[in-house]
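This report refers to the structure that appears directly beneath it.
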Amino acid sequence: SLENTWLRLFLIISFYLFCKLQQKISATKLALILLVFITLILSLCWSAFIYKRLLIDPLLPSFALIFLFITFFIQKQLKTEEEKRWLRSAFEHYISPNRVKHLIEHPDSLSLGGEYRECSFVMTDLANFTSLMEKHSPHECVNMLNEYLDGMIEIAFKYNGTLDRIVGDAVAVIFSAPLIQENHRELALKCTLEMDAYAMQFVSAKNNQGINFGITRIGVCTGNVLVGNFGGKTMFDYRALGDPINTAARLESVNKQFGTRLCVAESTLQGCKGFRTRPIGDLVLKGKTEKIKAFELVSEERFTQPLIQIYIDAYELMENYGSDALCLFKQLIEQYPDDSLSLYHYQRLEDKLVNNLDINATIILKDK
């Protein structure tokens with residue numbers, strides 16, 4: 001009949017249009033087109049009845065279109081989810097998982113701009129890796145470095161840190177970006193302690209293999225920075241900009257002077273309970289004019305050792321301008337000759353006495 005022919009032709013055209021459109025437009029726009037089609041069907045059927053006295057059932061083509069829409073909608077959703085999984089899997093090899101998740105859930109964040117936010121930064125660096133490269137083949141060095149970095153990055157991700165960048169053997173991690181983390185200081189400190197434990201185990205394992213693998217030095221700082229996407233129209237990078245980042249890098253660097261591995265700014269320790277430290281001193285870092293108070297972060301096990309307790313007593317004496325601090329530091333280096341921080345203070349205080357300078361705990365240092 002004419003009605004069946006018209007219905008078949010209409011459904012064929014509708015199916016063809018839906019196949020083309022569903023690949024190019026969103027499900028919302030496809031639903032609007034569906035409404036237009038159904039409205040058109042109802043109008044045509046009504047007009048046929050009023051002007052031509054033809055009774056055409058509008059329900060069958062309308063339900064057929066709705067069925068087509070539901071089919072295509074489900075197909076589109078499944079395809080979208082598959083693409084999201086593929087993107088997450090692919091980009092997690094290049095970007096932090098929390099950053100990938102944030103981008104997928106908030107695609108509108110893919111735009112230039114930034115905001116000021118308080119973040120914590122963990123900067124690591126591997127000592128003497130360049131000299132290690134001279135003694136081993138490129139293949140061996142790459143495998144060692146990848147194994148080391150894999151463990152360090154895994155720890156950063158465990159505490160929901162965002163990997164800012166990898167520069168050679170150095171790793172930079174941000175906390176409280178892109179998602180705000182109220183406990184970002186605590187997360188950064190826990191991450192630092194676990195990274196240090198992992199790095200020391202890695203060194204021990206490599207030493208047992210006859211490989212002189214270097215120690216890892218870490219600097220930690222907290223402060224307000226500008227975080228966001230920076231770059232241009234064709235390409236941009238998610239990054240944090242500000243003085244705390246440079247300070248964390250400087251604190252990592254000064255570990256070499258003190259013989260420490262973990263140097264933490266006072267700004268990160270504020271409000272954090274349960275973490276053990278010993279004071280290093282007031283530092284004026286390279287390119288800075290204001291001093292910051294720095295501490296060595298130590299494990300709970302190491303904190304209970306007599307060395308730390310005697311050191312804290314000696315530091316308090318020095319802080320109160322006590323000349324007896326020199327004797328206590330001398331006692332320390334006699335009992336613990338490997339403690340470079342005690343040796344540093346002893347040599348500094350001895351130099352002050354030789355030059356008739358006041359002994360005090362205000363130690364203004366220039367980063368070398």
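Numbering starts at 1 and runs along the sequence shown.
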Could you tell me which residues satisfy salt bridge (charged side-chain N to carboxylate O under 4.0 Å, His left out) with [X], sequence neighbours excluded, listed by chain and number?
{"X": "Asp196", "value": "Arg261"}
{"X": "Glu115", "value": "Arg117"}
{"X": "Lys158", "value": "Glu194"}
{"X": "Glu290", "value": "none"}

Could you list all the salt bridge (Lys or Arg N to Asp or Glu O under 4.0 Å) pairs where at least one residue sits in [range], not counting sequence neighbours?
{"range": "residues 179-190", "answer": "Glu118-Arg185, Glu186-Lys190"}
{"range": "residues 212-228", "answer": "none"}
{"range": "residues 133-154", "answer": "Glu147-Lys206"}
{"range": "residues 266-278", "answer": "Arg276-Glu300, Arg278-Glu296, Arg278-Asp339"}

With a 3.5 Å cut-off and sequence neighbours excluded, list the donor-acceptor pairs that the side chains of residues 168-179 form with protein atoms.
{"residue": "Asp169", "atom": "OD1", "partner": "Leu126", "partner atom": "N", "Å": "3.4"}
{"residue": "Ser176", "atom": "OG", "partner": "Gln181", "partner atom": "N", "Å": "3.0"}

Practice task
Using the test side chain to side chain contact (heavy atoms under 4.5 Å, CB included), find all partners of Ile333 that sit at least two apart in sequence or belong to another chain.
Solution key: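 Ile333: side chain to side chain contact (heavy atoms under 4.5 Å, CB included) contacts with Ser342, Leu343, Tyr346.
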Exercise for the section: May I have all residue pairs that pass ring-ring contact (aromatic ring centres under 6.0 Å, His included) and include part of residues 135-154, sequence neighbours excluded? Expected result: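 Qualifying pairs: Tyr148-Phe202, Tyr148-Phe213.
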Problem - Listed partners of Tyr311 passing ring-ring contact (aromatic ring centres under 6.0 Å, His included), at least two apart - result: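 For Tyr311, the residues satisfying ring-ring contact (aromatic ring centres under 6.0 Å, His included) (neighbours in sequence not counted) are Phe329, His345.
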